[in-house]
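Everything on this sheet refers to the single structure shown next.
Counting starts at 1 for both ligands and their atoms, following the listed order.
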Amino acid sequence: MQKLHFDDNFLWGCATASYQVEGAIAEDGRVPSIWDTFTGRQGAIMGGDDGRFAADQYHRYKEDVALMEELGFEAYRFSIAWPRIIVDEGGTVNPKGLQYYINLCKELHDAGIKSVATLYHWDLPQYLEDAGGWANRRTTEAFVHYAKVVFEHLGPHVDMWITLNEPWCSSYLGYREGIHAPGIQDAKKAFDSVHHLNLAHGLAMQEYRKTGCTAPIGTVLNPALPRPATKRKEDQRAAAIARGFDTDIFLKPLFGQGYPEELLKEFNIVLPVQDGDMDIIGQPLDFIGINYYAEYAVAYDEKSPLHYRNVPVWQRTTNQGWPVVPYGLNRILTYFKEVTGNIDLYITENGCAIDDELVDGRVHDHFRCDYINEHLAACKRAIDEGVNVKGYFAWSLLDNFEWSWGYSRRFGIVYVDYETQKRYPKDSAYMLRDIIQGYCEF
Ligand code: GCO
């Protein structure tokens, strides 16, 4: 049998996020988040779905940890729900919320699985949104208070820390497109949020370094480096604009390389930067996490707000219409190596939604198996080319609440029957078990 030659200490994990899997939204003192509010808005979510029950992990975490152990995972990336921890504007701490995550980490530890905790995977407490959300600079202070509390109580239990998950989504989808919570369509607020999220990250990093904790800490981006549709100059320009707004505006300040000023000027965007902010954002990181799903090609289009648009795709697509482009991951890894001076990288999410069918307790999701394999091959190629890729996390352990798509899209390597909450590992889960041990059939 052919072995995939990933290093012995390459870290194999799977990922979820609090609002997508936990349920229990009103238990043990949790207060509402922007997603509780947004899911209540008519027409916001497919099927009118919400996160009230999700995959019920809040009550089933022991079962889920046992499942991960059975599948051979070495790390679990989960997120901490801010509205479980800090329950009002005054910063009141909820010990029961902290206890849930301490219990989860202990369970993982006993199973020999590393805890990889994300501080912010989009569930902003509603009371902060009522005060302006990420468009308000004061939210960064609230984030630091929250982070400090979490570091203090969970510090001894967490093996790797992530400050933010995909600030691109929080700012652009939440405040410009309005298709994610809080559902606002206001370009100025969106760009103010970009800077405030970057700043919140930097402030939390500073706070963490004061704690004396030694677990590595980083952040997670969902970079996009669209290909130009043709070699025409305008299309090359379109790709550069897209890269600037999708990737560089988040990545480069982390490495002291500033914002893409020319682009900002060209589109009359002024970020609310104050003296000293850029130094805070540029705190040294231990690693970067990359979430990767697809890559697009773009053409110049003067009529669209940022002068580019995606062109039709030719590849196989997932059931969200996302094209499967494994080599795009390779391009991103190479770009990150160049910009960051070859910092450690983790693939913190990768996976796909397809029309899974549960038949006699089994799901033969071979499209997903191929998808994962092809992306692992891209990682391997990047490693061979000298990029420091240190681990891979499948998105997701479980089928779950896929944001504006509700439960209509299944990303799990484990199928969830939402009626009974019973879990059924799909073929891709068994494939990963083999791969983690060093074997692969493909
Ligand atoms: C993401 C999100 C996940 C999504 C996944 C699939 O970080 O984009 O972390 O929550 O479910 O990306 O769309």
Can you tell me if H307 and D301 form a side-chain donor-acceptor pair at under 3.5 Å?
no
Residue set satisfying side chain to side chain contact (heavy atoms under 4.5 Å, CB included) with A353, at least two apart, ordered chain then number -> N319, Q320, R409, F411
Identify, with sequence neighbours excluded, every residue that meets ring pair (Phe, Tyr, Trp, His ring centres under 6.0 Å) alongside F287.
Y346
Tell me whether R176 contacts the main-chain N or O of D186 through its side chain, where contact means a donor paired with an acceptor under 3.5 Å.
no
Using a threshold of 4.0 angstrom between heavy atoms of the protein and any atom of ligand 1, which residues qualify?
Q20, H121, W122, N165, E166, N291, Y293, W322, E349, W395, E402, W403, F411
Applying the salt bridge (charged side-chain N to carboxylate O under 4.0 Å, His left out) criterion to R368, which one of D427, D399, D356 satisfies it?
D356
Return the set of residues passing side chain to side chain contact (heavy atoms under 4.5 Å, CB included) with A240 (not counting sequence neighbours), or none when no residue passes.
none
